[in-house]
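Any value given below was found using the heavy atoms of this structure, including those in side chains, with hydrogens, waters and symmetry copies removed. As the structure is a computational prediction, the values presented were derived from the model and not from experiment.
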Amino acid sequence: MRDVEVVEAYPRAGVFDNAARRALARWRFQPKRVDGRPVASRAEITLNFSLQEG
C-alpha cells in the first residue's frame, strides 16, 4: 500500500491521523487483478476508533 491519505477526520484533523496510517501500514492486501495480472487500484476505508477507560 502507498499514498495513504486521510480524507476526513472527526473530531478534527490530526487527532487520529497518525494512528490510522500506522494501522493501515500493518494491513496486508491482495492486489486487484485483471486478466490474472495485478493492477493498481484505489480504495477508501473507514476506520472508527474507540477509546476505553482504564
Using distance only, find each side-chain donor-acceptor pair of residues 28-49 under 3.5 Å and give its atom names and separation, not counting sequence neighbours.
unit_1, atom_1, unit_2, atom_2, d
Arg28, NH1, Ala25, O, 3.1
Arg33, NH1, Gly36, O, 3.0

Checklist entry - When clusters are formed by joining ILVMFWY residues with side-chain heavy atoms under 4.5 Å apart, either directly or through shared neighbours, do Leu24 and Tyr10 land in the same one? => result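 No, Leu24 does not connect to Tyr10 through the hydrophobic network.
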Checklist entry - How long is the gap from CZ on Arg26 to CZ on Arg21, to the nearest 0.5 Å? => result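 Separation between the atoms: 14.5 Å.
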